[in-house]
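A note on names: the letters A, B, ... follow the listed sequences, proteins ahead of strands, and every chain is numbered from 1.
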Amino acid sequence: MNEHDIQGEELKVTLPSGEQVFAAAGDTLFDIAARHELAGVKTAIAARLDGEACDLHAPLKRAAHLSLIQPDDPEALEIIRHSTSHVMAQAVKELYPDAKIAQGPATDDGFYYDFQRAEPFSDDDLVKIEQRMRKIIKKNQRIVRHEVSREEALALFAEEGEPYKRYFVETKSGEVASYYEQGGFRDFCRGPHLSSTRRIAAFKLLSVAGAYWLGSEENEMLWRIYGTAFASQEQLDAHLHRLEEARRRDHRRLGKELDLFSLQETAGGGLAFWHAKGAIIRQQIEGFLREQLQTRGYVQVITPHIAKDTLFRISGHYDFYHENMYTLRTADDEEFVIKPMNCPGHVMIYKSGLKSYRDLPVRMAEFGTVYRYERSGTLHGLFRVRGFTQDDAHIFCTPDQLLEEVDDCLDMAETVFNTYGFRDVHYELSVRDSKNTDKYIGSDEEWSEAESALVKALEKRGLPHKRFEGEAVFYGPKIDVKVIDAIGRPWQLSTIQFDFNLPRRFDISYVDADGQHKAPYMVHRAIYGSMERFFGILIEHFAGAFPPWLAPVQARILPVSDKVSEYGEQLLSQLEDAGIRSELDRRADKIGAKIRDAELHKIPYMLIVGPREAENGSVSLRVRHDGDQGSLPTSEFIARAGKAIEERSLKG
RNA sequence: GCCAAAGUAGCUCAGUGGUAGAGCAGCUGAUUCGUAAUCAGCAGGUCGCCGGUUCAAACCCGGCCUUUGGCUCCA
């Protein structure tokens, strides 16, 4: 901030090796690095001063630690992408001078830039813009940072006719505004950036979409162009390959192909129909969790789907959740609400009798189906629906039971995720904004007690977590759990969430050892979250190739010819008796075709039978993806498959 | 909800104003076959819906419905 003109002054620079050298103030970081022959000067994307990324050609202003950011550094990607977005904006301005630039940040997996323009951008335009970008990159234009006063920046963008940029200068700039320039294109930007356009090694424009200015529906809609960039063509190709892989695994596509579920236009959007095969999977994932509930001391309850508005007026949902709720009016003019949440119902059950401290903790679970109105544009396969079933539970406990309860929730989540093969799990702790405690319900004591239970439970289990200040909802702190699927995508599944609001609103209590009525702590927790969404995630995680315990059809018998069809029928009933979900391929196809069909249906066990097997009561086992396993007695196969199913193992 | 794109057989998709097509799946028949596609035949469509233009519309125009990609992650 207060860097005075210190041109020429000798400043101490600490190199990554620990060596300390002197450099003149005003020397560029690149020159200093080059002079002292820092490793990778030529390949560096940017520099790092005291840990903070900055331009390679930024002038040295103070004594600092200096290091270089290389292309494989995670920070490098953000810089590469941000610079690519500027080049894209430059290309757009060159091709379509009437376009106004809005904003163009790097994102998690690429970048975008928003433009205002009378005409939308077409796919053909994207191709043209890409070509122009390549030209700009080839020209090796220097990307130069300028620092000017706020007023100069305002004047500059006024002159360029860029109202959106002016808005950003007005709202975001301090006394000094920085802008970057390359090839005559100027963009108000904090940086850092690449030193020249040539440094962009690999990029691709992906799509165009409408996006509201500042994300608000009140505002006009701008055109957003999405793209991505990487440090090398290989990395870009790998990324595009991942996108392709994600498309291949798309649960909407697999759901149709494997006859698992559908969404019916006639019934309305966002309502899932679980077909027979999908329903089998649902029963398995639900049954697994019910076993967990059983062993972990939960009670399982069932609450009504609709309730009088009164219930949701008490809970407060009627007021702050009204626009997401479906309501009904009866002939005798009573209002009913289709439940958007299970918690009020569970609180009513808790409240239905006097509770002693000896009754706590009460762990109340329900696969509760809720309906929430979502705007049509937000619906997305099974991931965003209007009707879904939560594996919901509410724990009512005393303050000294908190830690153990949170710990058990984490333990349950871990057990469950292991079973599905989610090895990589992230924990996120959201706490209140300590500077602004007014907007939260609950006492300071409750908040700190709850937070400490969450933190201690995580620490006790040795689970690293990220902490988000001010991210808690108004009624309590929470832990969100994210899992990483088979192709590296994160999904937020579980949540463990304190609620200081509902116990107050419903005025629930327990009688403590001292005879006093006290308010219990209340914790919401879900492991899968929504059964629909979790199902969608599982379909994509397994690419439809479910492990034996989940597979709707676990084994398919493939007779080599109808000479052994009788043996096939006999085998089918034998397997069914053993509790293995099986099918018999009675078609007159050749064995290769039957195998192909079974593989495409992703059936875990294929049992090929011919005269040899019929002779001695055996099967020739073929395991999905792994191929021929040779012959074995039927009883042995039943034992093997039975074990894999019983143990819920991921492999056959 | 808003913006863009799309909607043709169960599925994937051709079809730019003149008799609606292919592959796969399905059915029938032949083949009786040993680890990812045997051959032949048959059947299958109000071209999302409603209206308009035209001698004539899957195709052009308008409206609606649905789906898809998006809708402030540091300027």
Quick one: label [X] by what it contacts on the DNA or RNA (base, sugar-phosphate, nothing), any heavy atom closer than 4.0 Å.
| X | answer |
| --- | --- |
| A:Y226 | sugar-phosphate |
| A:A211 | sugar-phosphate |
| A:Y179 | nothing |
| A:E220 | nothing |
| A:W213 | nothing |
| A:G269 | sugar-phosphate |
| A:G630 | nothing |
| A:E170 | nothing |

*So is A:R145 actually on top of A:Y179's ring, under 6.0 Å and inside 45° of the axis?*
no
*Just checking, A:R117 and A:F121: is the charged tip under 6.0 Å from the six-membered ring centre and within 45° of the axis?*
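Yes, a cation-pi geometry holds between A:R117 and A:F121.
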Contact under 4.0 Å: [X] side-chain N or O vs [N] OP1/OP2:
| X | N | answer |
| --- | --- | --- |
| A:H82 | B:C74 | no |
| A:Y112 | B:U72 | no |
| A:R247 | B:G69 | no |
| A:K563 | B:C33 | yes |
| A:R252 | B:U68 | yes |
| A:S207 | B:G70 | no |

Distance-only donor-acceptor test (3.5 Å): side chain [X], base [N]:
| X | N | result |
| --- | --- | --- |
| A:E265 | B:C49 | no |
| A:R224 | B:C71 | no |
| A:E374 | B:G1 | no |
| A:R622 | B:A36 | yes |
| A:Y212 | B:G1 | yes |

Under 6.0 Å between ring centres: does that hold for [X] and [Y]?
| X | Y | result |
| --- | --- | --- |
| A:F388 | A:Y371 | no |
| A:F383 | A:H251 | yes |
| A:F115 | A:Y113 | yes |

*Considering only the P atoms, how many Å lie between B:A58 and B:C74, rounded to the nearest integer?*
50 Å
*Spacing of the P atoms in B:U16 and B:G21 (rounded, Å)*: 14 Å
Strictly by Watson-Crick or wobble contacts shorter than 3.5 Å, is anything paired with [N], and which nucleotide is it?
| N | answer |
| --- | --- |
| B:A58 | none |
| B:U38 | B:A30 |
| B:A22 | B:U12 |
| B:C2 | B:G70 |
| B:C64 | B:G48 |
| B:A43 | none |

_For A:R375 and A:H625, find the nucleotide of RNA chain B closest to each by heavy atoms; which residue's nucleotide sits nearer the 5' end?_
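The residue closer to the strand's 5' end, by nearest nucleotide, is A:R375.
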Can you confirm whether [X] sits close enough to [Y] that some side-chain heavy atom of one is under 4.5 Å from a side-chain heavy atom of the other?
| X | Y | result |
| --- | --- | --- |
| A:Y180 | A:H86 | yes |
| A:I539 | A:F546 | yes |
| A:K594 | A:P559 | yes |

*asked:* Please pick, from B:C74, B:G69, B:A4, the nucleotide with the shortest atom-to-atom distance to any side-chain atom of A:W223.
replied: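 Of B:C74, B:G69, B:A4, B:A4 is nearest to the side chain of A:W223.
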*Rounding to a whole Å, what distance do you find between A:F111:CZ and B:G70:C1'?*
16 Å
_Worked check of ring-ring contact (aromatic ring centres under 6.0 Å, His included) between A:F637 and A:Y605_ = CA-CA 10 Å; A:F637 165 72; A:Y605 299 113; 5.1 Å; yes
*Members of residues 587-612 of chain A that approach RNA chain B, where some heavy atom sits under 4.0 Å away*: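 When residues 587-612 of chain A is checked for heavy atoms under 4.0 Å from RNA chain B, the hits, listed by number, are A:R587, A:A588, A:D589, A:K590, A:I591, A:G592, A:A593, A:I595, A:R596, A:E599, A:I608, A:G610, A:P611, A:R612.
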